[in-house]
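Note that the coordinates shown come from a computational prediction; the quantities given were computed from them, not determined experimentally.
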Amino acid sequence: MKRVVCIGLIICIGSGVKAQYLSLNEAITIALKNNLDIEMAKNDFEASQIINHLSIAGGLPVVSASFNDNQSLTNLNQKLSNGTIITRSGNSSNSFNSGITASYLLFNGYRVRFTKSRLEALEKQSSFAINLQIQNLVASVMVKYYDIVRQGDYLKTIQQSINVTMQRKKLVDARQGVGLANNADTYQAELDLTAS
């Protein structure tokens, strides 16, 4: 988030380049658009909306079906008491079973109602989490934006101070050239220029 604000708010002072500011609305829009925490909060909210359903709470009938297909392949070697020998190979058998069951919960001590209300509370909580993320991001962008604006104004003030000090130095140099100023005034002007 800091990168978005710092990249979006570029201040170039000096060397003939004028300061360029994004508007506060543009900075906030860029930050909201590129923030992954807000996207994750939105995904959590959408998931909680899907989960907030009576079927998840256990209030709908449950229908289940089962299908079984059993196949077997056997070899038969059998000797009967009358002396007959039966030999068969590759005997196959197949059995198919299926079943459907349905159940409906009549009453379980209001557990379905309480679970449904808990799911609704989780959905509201995720909605509040989105709002909190957005408000925190907007506040952070505003603080950083106005800090950068303040620093830009401070740099302008420093530049004006440097310009005034340079003019004063030129005046002292001109006075010294005419013989109306001493070296102390020149040194003081140079110190003021260096301090700016």
Side-chain angles (χ1 to χ4, degrees), residues 1-13 18-76 88-155:
M1 199 273 315
K2 290 180 183 177
R3 282 187 248 146
V4 171
V5 174
C6 290
I7 290 172
L9 305 173
I10 300 172
I11 298 177
C12 299
I13 296 187
K18 294 185 178 181
Q20 298 177 5
Y21 293 106
L22 285 176
S23 70
L24 180 59
N25 288 338
E26 290 171 336
I28 290 172
T29 303
I30 290 170
L32 288 174
K33 180 180 163 187
N34 296 327
N35 191 281
L36 294 178
D37 291 334
I38 291 176
E39 291 299 320
M40 288 174 32
K42 285 180 182 177
N43 288 343
D44 290 343
F45 177 67
E46 290 174 5
S48 66
Q49 282 182 320
I50 293 170
I51 290 173
N52 185 13
H53 194 268
L54 189 61
S55 63
I56 301 295
L60 293 181
V62 176
V63 177
S64 61
S66 63
F67 301 99
N68 293 322
D69 184 16
N70 295 323
Q71 296 180 358
S72 64
L73 184 62
T74 58
N75 292 327
L76 177 65
R88 292 186 190 151
S89 61
N91 294 326
S92 65
S93 65
N94 189 11
S95 67
F96 183 76
N97 298 321
S98 64
I100 295 176
T101 59
S103 64
Y104 184 73
L105 180 67
L106 295 177
F107 182 75
N108 68 345
Y110 301 109
R111 184 175 176 184
V112 172
R113 184 183 303 169
F114 293 139
T115 305
K116 179 70 170 108
S117 60
R118 182 177 62 86
L119 293 173
E120 289 171 359
L122 288 173
E123 182 179 349
K124 287 180 185 176
Q125 181 183 6
S126 1
S127 172
F128 292 144
I130 291 174
N131 289 335
L132 180 66
Q133 283 285 5
I134 290 172
Q135 289 175 4
N136 286 340
L137 181 67
V138 168
S140 178
V141 168
M142 290 175 74
V143 166
K144 298 227 182 287
Y145 180 86
Y146 286 116
D147 186 46
I148 290 174
V149 169
R150 180 189 57 80
Q151 289 176 4
D153 291 342
Y154 180 67
L155 287 175

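At most 12 heavy atoms of other shown residues, nucleotides or ligands fall within 6.0 angstrom of atom OH in Tyr154. For Leu73, the CG atom counts as densely surrounded, since its 6.0 Å shell holds more than 12 non-hydrogen atoms of other residues, nucleotides or ligands.
How far OG of Ser126 is from CG of Leu132: 12.5 Å, rounded to the nearest 0.5 Å. Once rounded to the nearest 0.5 Å, the distance linking CD1 of Ile130 with CD of Gln125 reads 12.0 Å. Taken from CG in Leu122 to OG in Ser117, the straight-line distance is 10.0 Å, to the nearest 0.5 Å. For the atom pair Leu137 CG and Leu32 CG, the distance stands at 5.0 Å (nearest 0.5 Å). From Asn43, atom CG reaches atom CD of Glu39 across 7.0 Å, with rounding to the nearest 0.5 Å.
Partners of Asn108 according to the side chain to side chain contact (heavy atoms under 4.5 Å, CB included) rule, which considers only residues two or more places apart in sequence or in another chain, are Leu105, Arg111, Val112.
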Name every donor-acceptor pair, under 3.5 Å, that has one atom in a side chain of residues 51-72 and the other anywhere in the protein, sequence neighbours excluded.
{"residue": "Asn52", "atom": "OD1", "partner": "Lys116", "partner atom": "NZ", "Å": "2.6"}
{"residue": "Asn52", "atom": "ND2", "partner": "Glu123", "partner atom": "OE1", "Å": "2.5"}
{"residue": "His53", "atom": "ND1", "partner": "Ser55", "partner atom": "N", "Å": "3.1"}
{"residue": "His53", "atom": "ND1", "partner": "Ser55", "partner atom": "OG", "Å": "2.9"}
{"residue": "Ser64", "atom": "OG", "partner": "Thr101", "partner atom": "OG1", "Å": "2.5"}
{"residue": "Ser72", "atom": "OG", "partner": "Ser93", "partner atom": "OG", "Å": "2.4"}

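Between Val141 and Ala31, the shortest heavy-atom distance links the atoms CG2-CB, 3.5 Å.
With no hydrogens or angles considered, a side-chain donor-acceptor pair links Gln151 and Asp147 at under 3.5 Å.
Sorted by first and then second residue, the ring-ring contact (aromatic ring centres under 6.0 Å, His included) pairs involving residues 110-139 (not counting sequence neighbours) are Phe107-Tyr110.
Under a 3.5 Å cut-off, the side chain of Thr29 and the backbone N or O of Asn25 do form a donor-acceptor pair. Proximity of a side-chain donor or acceptor of Asn34 to a complementary backbone N or O of Ile30 within less than 3.5 Å is detected. With Tyr145 contributing its side chain and Ile28 its backbone, the two residues share no donor-acceptor pair below 3.5 Å.
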